[in-house]
Amino acid sequence: MIIKVGASLFAIAGVGYALYAYIESPGQVPRKKTAAADHSKMERMVTYVKPKAYVGTKAAITSYLGEIQTEKNGQIYAYRNGIIEAYLANVGDTVKKGQVVARLLPAEYSPDIANMIADRKAERTRSVGMVKSAELTLAEAKSRREKILAAADLKIANANTIANRVTDTTSSQLDKTALEQDAKVAKLESDLASMDVQISSQEKTVENMKKKTEASVALESDKLALRETTVKTAIKNAHATLLQIFYGADSSLYSVNQLRNTYFGARNSSTVNAFTNAMATFHAKYQEIDSLTKDESFAFAREVADTVDKGIRVLDATVVSADYGEDMLTADKKMLFEAKTDSMNGILTILNMYEEQKSMLAKETSVSSAELANETLMLDKLKAERSVVEKELAMARAEKDRMIAEVRNMKSESENEASKMVTAENADKIMSLSEADKMVTEAEKMLIDARSSLQAANEALGVLESAGFSNEVRAPFDGKITRRYVNVGESVSMSSPFYDIVGTASKKQAPKTFVRFEIPETDLLDATIDKEIRFYRTAEPLRKLTARIARVSPAVGSATKGVVIEAEFNEEIESIQVGSSVRVEMEKAGNMLLIPSASVAQSDDGKLSVFTVDSKGIVKSKEISTERTVGLDVYVSSGLTKDDRIVELPKNYAFLEDGVKVSPMEKPTVSAPAGAALSMPEGHKH
C-alpha cells in the first residue's frame, strides 16, 4: 500500500518543482518581520546557499572607449533602448537640467523586453501550478502519515497498558518485601545507636577516672617534691653547723690530726675516727646534693642524722684544756644539739611524712587503678555487645539485599516480557513511519524546489517591470535644443542621440565638460557615483586626465548589454576638443560576495539583513551592506563571510529568528551574473 501511495505522490509531483505559494510584489526586497507569529515547535525545512566571491583588486584596471562632450554643445540620449512615444521639447526650446524632453513607450513595447517579460510570466504561471501540485502532494503524504501514526499508537497504547499492569504488580511485591526488611534493619540500627550512646557515656567515665587518678598522683608528687626541697635545705644547714663547730674556717681539712689538735684531751680516739670518716663521706656526697633524686635525698638525710650523732659523741668525750675551755665546749654542744633539734628533728619528721605520703600515694593509686579497671572492663563488655549487634545488623542488611534482589529479578523478567511486546509494536511503528516520512520528505523537497522556482520567476519579472526601465528622457544640463534626430514611433538605442543641446551657462560659470563612455553590464559594480576615473587621448597617451562619475544609466541596453556612464571633469581642461575620442581607465571594485536577492530581508527602517544557519540547524540573523543588485544577485560588501550558509526566504518566514532550530538543505552555489568575471587578472582589459 505504501509503495502505491508513493507512486501516486510522485505522479502528482510530476507537474513540477516549486518554492512559494504566493507571489511577493515584483522587484521588491521582502520586508523583514518585526515580530514572529506563534508557530509549531516542529523543525521547519529550509534551503540555503553559500555566497560566491566576486574578486577584484585595486591593481586591476579596465579600459573603455569614450567621447568628450560638454554642456555648451552636447547631445541628449536615452538610458535604454525603446520606441519614442512623444517629444516634450522642440528645436529652439530652452530647457533646464533634469527636465523631461521626451518619453518612451513602456518597456513591454520593446520587442526584446516584451519577449523577456512574456517568458517570465509564463515561467511564473508554470511555477504557480507546480507549487499547488507540490502542496497537494505534501498534504496527501502528511495525511497518510497521520493515519499510520494513529494506528501504530493505538497498538502501542494497548501494549503499554499490559506492561503497566505487570509493573504495578511486581512493584507492589517489591515494596512489601522492602518494607518488612527495612523494619528489621531499623530495629537493629536503633539498638546499635542506643549502645553507641552507652559506650560514649562509659568512655567519658573512664576518661574522667583517668584524669582524676592522674591529678591525685600529680598532687602527691608535688607534695613529695616540697618535702625533698625541705630535706635538702636541712642537710645544707647541718653541714654548715658541723663545719663551723669542728673545722672553723678551714673546711678543707678533714683529718684525725686536726681534730686531735683541737680536742687534744679526747678520751676516745675511736669516736673521733668514726666522726672523721662519716664527715668525709658526708662532704663527698654533699658536693652532688643538687643532682640527687628524691629517694636519694631522703636516704642521704638519714646518713646526715647519723653523722650529727657521731659529732655529739665526740664532744661528749672531749677533755677541757687551756685552748679549748669549758665555755667553748658548752657553746659547741649547745649549737650542735640545737642543730640536731632544729634540723635533724625536722629531717626525721619530713622522713616520716615522706614515707606516709608514699604509702598513701600507693594506696590511692591502687584503689583508682582497681576502679578504673572495673569501668574499663564494663566498657569492653559494651563494645563486645555492640560488635554482636553490628554483625546482626550486617546480616539483616545482607538478607534484605538478597530478598529484594530476588524480587527485582522476578520483576525484571516480567517487565522484560512486557517490554518485548511494546518494543515489537514500536518497531512496527518505526518501519511504517519510515516509509511515510520518506514520502513526506520527498514531497517537502519538491515543494521547496517549486517555491524556489516561483520566487526566481517572480523576481525576474519584477526586475523587468521595475522602475529601472525609465520611460523618460531628461536634459543633462541647462541649454537650448538645436537639433532633433529621430521621430515619434521610431526605435532608438542608448548609443543614439535624441537632440543636440547648447549650454546656456553664464560667463561666471563655465559649461561643464564630461566624458561619455559605455561599459558592459558585468562591470556595473565598478561604476559608483563620484568615483574617479582616468582618461587620455590616443595621440597623447602620457597625458592622463581625471574626472568623477556623475551619472549612471539605470538600465542595460538589450542589444549591447552595455550601461552608459558620464563623468564630469575635476577641473577645466584646455586644448582638448569636444567630440574627441579618448581611452577611459577605471579600477575594479574590491572583494565582495554574491548572494541571491531572494535571501535578503528589509526592516521597516530600511536596514538589510539575511538569515544564516549553522551545522546544527540554528538560525542567526546578520545585518549586511550591499553595493548593487544585478539581475537576481546582490553584491554584499560587508556583514558576511564566504563560509556563511544563507537561508533562502520562504513565503512566510515569520518563524525565522535568532536561536530557532530548522532542518537545512543545501542548494547549488549561486552563480555570478552572466558574463561576470569571478576573478579579475591584474593589468588592462580592452
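Here, residue 1 is the first one in the sequence, and each next residue gets the next number. Just the heavy atoms: all of them, side chains too, but no hydrogens, waters or symmetry mates, feed the values below.
Counting only distance, with no hydrogens or angles, the side chain of Lys661 and the backbone of Lys616 share a donor-acceptor pair below 3.5 Å. Here the side chain of Ser143 pairs no donor or acceptor atom with the backbone of Ala139 at under 3.5 angstrom. In terms of modelled atom types and a separation under 3.5 Å, the side chain of Arg645 and the main chain of Asp614 share a donor-acceptor contact. For the pair Ser434 (side chain) and Ile430 (backbone), a donor-acceptor distance under 3.5 Å is absent. Side chain of Thr612 to main chain of Lys620: a donor-acceptor pair is present (N/O by atom type, distance under 3.5 Å, no hydrogens or angles). When atom types are taken as modelled, the side chain of Ser133 and the backbone of Gly129 share no donor-acceptor pair closer than 3.5 angstrom. Here the side chain of Tyr64 pairs no donor or acceptor atom with the backbone of Pro520 at under 3.5 angstrom.
Taking every heavy atom of both residues into account, Met45 and Thr441 meet most closely at CE-CG2, 4.4 Å. Contact between Glu518 and Gly562 at its shortest, heavy atoms only, is OE2-CA, 3.2 Å. Residues Phe514 and Glu568 come closest through the heavy atom pair CB-CA, 3.8 Å. Counting all heavy atoms, side chain and backbone alike, Ala527 lies closest to Ile565 at CB-CD1, 4.0 Å. Closest approach of Lys480 to Thr94, counting heavy atoms only: CE-OG1, 3.8 Å. In terms of heavy atoms, Tyr499 sits closest to Val101 at OH-O, 3.1 Å.
Glu135 has no carboxylate O lying under 4.0 Å from a charged side-chain N of Lys132, or vice versa, which leaves the two without a salt bridge. Remark: Glu425 does not engage Lys155 in a salt bridge, criterion side-chain N to carboxylate O under 4.0 Å. In summary, Arg103 and Glu85 engage in a salt bridge, as defined by a charged side-chain N under 4.0 Å from a carboxylate O. Ion pair Lys622/Asp644 flagged as a salt bridge, since at least one NZ, NE, NH1 or NH2 atom sits closer than 4.0 Å to an Asp/Glu carboxylate oxygen.
Two residues are said to be in side-chain contact when any heavy atoms from C-beta on lie closer than 4.5 Å; Arg548 and Asp530 meet this criterion. Between Tyr485 and Val492 the shortest side-chain heavy-atom distance does not fall below 4.5 Å. Two residues are said to be in side-chain contact when any heavy atoms from C-beta on lie closer than 4.5 Å; Leu656 and Pro650 meet this criterion. Looking only at side-chain heavy atoms (C-beta outward), Val584 and Ile519 stay at 4.5 Å or farther from each other. Within the 4.5 Å cutoff, no side-chain heavy atoms of Val49 are placed close to those of Ile595. A heavy-atom distance below 4.5 Å is found between the side chains of Val440 and Leu138. Residues Ile549 and Ile533 have side chains in contact (heavy-atom distance under 4.5 Å, counting atoms from C-beta outward). The closest side-chain heavy-atom distance from Val582 to Phe517 is not below 4.5 Å.
In this structure, a donor-acceptor pair under 3.5 Å is absent between the side chains of Thr482 and Asp500.
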side-chain contact (heavy atoms from CB on, under 4.5 Å) between Val473 and Val100: does it pass, once the steps are laid out? CA-CA 6 Å; Val473 180; Val100 178; over 6 Å; no
Check the pair Arg551, Arg516 against side-chain contact (heavy atoms from CB on, under 4.5 Å), reporting the backbone distance first and the verdict last. CA-CA 10 Å; Arg551 293 171 290 280; Arg516 192 173 196 271; over 6 Å; no
Using the side-chain contact (heavy atoms from CB on, under 4.5 Å) rule, take Phe498 and Arg484 through it: C-alpha gap first, then chi angles, then the decisive distance, then the call. CA-CA 6 Å; Phe498 274 59; Arg484 191 179 74 189; over 6 Å; no
Evaluate side-chain contact (heavy atoms from CB on, under 4.5 Å) for Asn426 paired with Ile156, printing each intermediate quantity in order. CA-CA 7 Å; Asn426 277 314; Ile156 292 173; 2.8 Å; yes
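Expressed to the nearest 0.5 Å, how far CZ of Arg534 lies from CD of Glu587 amounts to 5.5 Å. Remark: Ser432 OG to Lys147 NZ distance equals 14.5 Å, nearest 0.5 Å. Note: Leu88 CG to Arg474 CZ = 10.5 Å, rounded to the nearest 0.5 Å. Between Leu593 atom CG and Ile646 atom CD1 the span is 8.5 Å, to the nearest 0.5 Å. Atom OH of Tyr77 is separated from atom CD of Glu566 by 8.5 Å, given to the nearest 0.5 angstrom. How far CG of Leu433 is from CG of Asp428: 11.0 Å, rounded to the nearest 0.5 Å.
Ring-centre distance between Phe535 and Phe569: below the 6.0 Å cut-off.
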